[in-house]
Amino acid sequence: MKKLLNWLKSPAAMAALAGVAAAAVVLSVAELIGAFFTARATPVIALGSTFIDFTPLWMKNFAVETFGTNDKAALFAGMGLTIFLLACVLGVVAYRKWALGVAGVLLMGAVIVISVVTRASVKPLDAIPTVLGTVAGLVVLRLLIAPLWRLKSWPEAPADTGAEEPDRPATSRRRFFAAAGITVIGAGIAATGGRLLSAARSNISKAREALQLPTPAKAAAAVPAGVQSPAAGVGPWLTPNGDFYRIDTALSVPEINADDWELRVHGLVEQEVRLTFQDLLDADLIESHVTLTCVSNPVGGNLAGNARWLGLPIREVLKRARPKDGADMVLSTSIDGFSASTPLEVLQDDRDAMLAIGMNGEPLPLEHGYPVRMVVPGLYGFVSATKWVVDLEVTRFADSKAYWTQRGWSERGPIKTMARVEVPKSFAKVPAGRVAIGGTAWAQTRGITKVEVQIDNNPWAEAVLSTEASLITWRQWSFDWEATPGPHYIKVRATDGTGEVQTDQRADPVPDGASGWQSVMVTVE
Ligand SMILES: Nc1nc2c(c(=O)[nH]1)N[C@H]1C(S)=C(S)[C@@H](COP(=O)(O)O)O[C@H]1N2
Ligand SMILES: [Mo]
């Protein structure tokens with residue numbers, strides 16, 4: 001403890017602290033001023049987003065596998081640590097050689113500015129918060145470091161002499177720590193103020209709440225009785241909005257004013273089309289239940305959800321644009337630069353791919369794409385479900401690559417047949433006797449016709465299927481098991497509407513979706 005305190009009094013440690021305080025000023029000033037600029041343009045969000053875009057495939061998979069939907073929190077923690085360490089180094093460098101320190105800070109500022117202005121839909125003026133933050137950081141760094149230089153030339157106070165004069169270094173140190181502390185606290189207040197200010201400025205949530213969804217011209221088919229698995233513990237057939245999985249590259253949720261929203265349909269078309277939100281409200285909307293699934297979902301995973309979507313069939317929009325011969329793909333792009341490649345014919349056939357504005361009777365939640373997203377039955381989200389969509393380019397697979405395709409994923413993504421066990425949970429302990437096994441299976445557009453369960457090495461046995469609502473929604477199942485004490489393995493597999501049995505070939509999510517049978521180990525007591 002004593003050693004640590006002494007070390008903290010060393011000029012190097014104090015210089016490092018000065019660096020950290022200056023970094024806190026850079027970020028918080030940018031955050032505060034950034035409240036008046038595009039939300040995605042503040043340094044932390046922009047750096048994080050840039051980092052995500054450059055994340056190699058193995059790291060993305062590692063992050064999703066390790067942190068699941070907490071991957072964003074993990075990213076922020078990692079960034080925080082990196083910035084902290086860099087700030088320490090820059091502080092020490094500035095203390096040793098001021099010019100070099102300044103160069104380092106300017107370089108960091110330049111990196112942040114580049115990462116800010118290269119974000120999609122960000123204006124060059126959005127660099128202003130970062131520039132002002134960097135200037136403020138430099139001033140603070142200078143103010144904190146300058147006394148340290150003077151400190152160096154003062155004689156150390158001889159220990160316990162009671163002398164009055166030589167205690168000046170101690171006083172200056174105390175002053176330094178007070179100044180650094182006040183700077184950090186001030187930065188915290190400025191950053192919090194910035195957050196509150198941007199929250200207050202954003203009235204998107206209020207506009208969303210006030211939005212009255214129109215009644216669909218064609219209502220969703222009634223959900224038949226018995227879609228829910230009778231096994232206790234199986235998730236709800238219809239996923240509430242708040243429980244719906246969320247996967248996207250957006251570190252801060254794009255905030256789009258519905259009145260400003262416009263969709264541009266262009267490319268290989270006879271007629272360029274522009275669509276406003278009012279156009280959508282006025283159109284003949286349909287409502288239908290569709291199960292969305294993420295390609296990153298591991299076998300047995302929960303990156304899938306089932307909701308009732310309200311929207312306009314994309315078919316209708318394409319009819320007005322009249323795609324030219326030779327076009328075979330639509331590249332949909334979101335306001336923040338994500339894109340998906342969807343086969344043109346899938347958007348034209350009768351599966352009712354839509355531009356959705358409603359989810360389970362509410363306007364789309366902000367994080368699920370407000371005001372408009374795509375929903376395409378049968379395809380993984382990364383090639384179809386573009387949230388905050390603003391652009392549809394009719395093109396060809398040979399000519400354009402979507403966001404994830406550029407990063408090693410497939411260019412097409414039909415959903416693979418999958419069966420999942422939800423109860424009992426993996427490694428659960430269950431009492432001997434009758435145990436209800438249950439879960440969900442999906443093969444959107446083909447449907448599920450059979451689910452089978454295998455206990456240990458016994459023959460496969462048919463599970464009881466819950467009622468089927470449609471071919472584009474998931475289907476639940478249950479299985480009564482007479483459990484005997486000891487460890488047991490429960491395996492499950494589904495058969496789709498074409499008669500094909502789910503493959504036991506294990507595949508990773510990359511590049512086009514996981515496959516294989518889920519196996520759950522339970523202990524019966
Ligand atoms: N704008 C945008 N849309 C996106 C994505 C994204 O990163 N950005 N991710 C896609 C992926 S990979 C999936 S699985 C679905 C998930 O939709 P959800 O978050 O509403 O469940 O959104 C798709 N749409
Ligand atoms: Mo996904």
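- The backbone N or O of A514 sits nowhere less than 3.5 Å from a side-chain atom of D508 that would complete a donor-acceptor pair.
- Of the possible polar contacts, none joining the K72 side chain to the L251 backbone as a donor-acceptor pair under 3.5 Å is found.
- Considering all non-hydrogen atoms of both residues, F397 and D328 come closest at N-OD1, 2.8 Å.
- By the 4.0 Å N-to-carboxylate-O rule, D352 lies close enough to R315 to be salt-bridged with it.
- Looking at D53 and Y403, their side chains do bring a donor and an acceptor atom within 3.5 Å of each other.
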Could you go step by step and tell me if H289 and W237 meet the side-chain contact (heavy atoms from CB on, under 4.5 Å) rule?
CA-CA 11 Å; H289 291 97; W237 179 82; 3.9 Å; yes
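- In the displayed structure, Q505 atom CD is contacted under 6.0 Å by at most 12 heavy atoms of other residues, nucleotides or ligands.
- In terms of modelled atom types and a separation under 3.5 Å, the side chain of R475 and the main chain of I448 share a donor-acceptor contact.
- Closest heavy-atom contact between T342 and V383: OG1-O, 2.7 Å.
- Salt bridge annotation for R264-E262: absent, with no cationic side-chain nitrogen under 4.0 angstrom from a carboxylate oxygen.
- With hydrogens and angles ignored, the 3.5 Å screen pairs a side-chain donor or acceptor of R420 with a backbone N or O of G301.
- Within 6.0 Å of NZ on K97 lie no more than 12 heavy atoms contributed by other residues, nucleotides or ligands.
- Across R119 and S49, no two heavy atoms sit closer than the pair NH1-CB, 3.1 Å.
- Of the candidates L355, V372, L280, L355 is the only one forming a side chain to side chain contact (heavy atoms under 4.5 Å, CB included) with L263.
- No donor-acceptor pair closer than 3.5 Å links the side chain of W261 to the backbone N or O of P371.
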After noting the C-alpha distance and the side-chain angles of E500 and T417, does the key distance pass the side-chain hydrogen bond (donor to acceptor under 3.5 Å, both in side chains) rule?
CA-CA 9 Å; E500 194 164 340; T417 303; over 6 Å; no
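- When every heavy atom of I204 is checked against every heavy atom of Y370, the shortest pair comes out as CG2-CE2, 3.7 Å.
- Between the side chain of W388 and the backbone N or O of L366, at least one donor-acceptor pair lies under 3.5 Å.
- Residues S115 and T50 approach most closely at CB-OG1, 3.2 Å, considering heavy atoms.
- Salt bridge E209/K206: absent, no basic N to carboxylate O contact under 4.0 Å.
- No donor-acceptor distance shorter than 3.5 angstrom exists from the side chain of W409 to the backbone of V510, with no hydrogens or angles considered.
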Would T440 and E422 count as a side-chain hydrogen bond (donor to acceptor under 3.5 Å, both in side chains) if you check the C-alpha gap in whole Å, the side-chain angles of each, and the deciding distance to 0.1 Å?
CA-CA 7 Å; T440 306; E422 288 167 49; 2.5 Å; yes
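- Between T445 and R351, the side chains place no donor N or O within less than 3.5 Å of an acceptor N or O (distance only, hydrogens not considered).
- Surrounding CZ of F76 are more than 12 heavy atoms belonging to other residues, nucleotides or ligands, all under 6.0 Å away.
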Could you give me the CA-CA distance, side-chain angles and deciding distance for V139 and L143, then say whether side-chain contact (heavy atoms from CB on, under 4.5 Å) is met?
CA-CA 6 Å; V139 170; L143 289 176; 4.1 Å; yes
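- Between W474 and T291, the shortest heavy-atom contact is N-OG1, 2.8 Å.
- A donor-acceptor contact shorter than 3.5 Å links the side chain of Q502 to the backbone of G516.
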Could you please spell out the steps behind the side-chain contact (heavy atoms from CB on, under 4.5 Å) verdict for F338 and D248?
CA-CA 9 Å; F338 166 88; D248 53 58; over 6 Å; no
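- With hydrogens and angles disregarded, no donor-acceptor distance shorter than 3.5 Å links the side chain of N360 to the backbone of A307.
- For R96, the CZ atom is loosely surrounded, since the number of other residues' heavy atoms within 6.0 Å does not exceed 12.
- Residues K387 and E367 are not paired through a salt bridge, judged by the lack of any N-O separation under 4.0 Å between the basic side chain and the carboxylate.
- Side chain of Y380 to main chain of K416: a donor-acceptor pair is present (N/O by atom type, distance under 3.5 Å, no hydrogens or angles).
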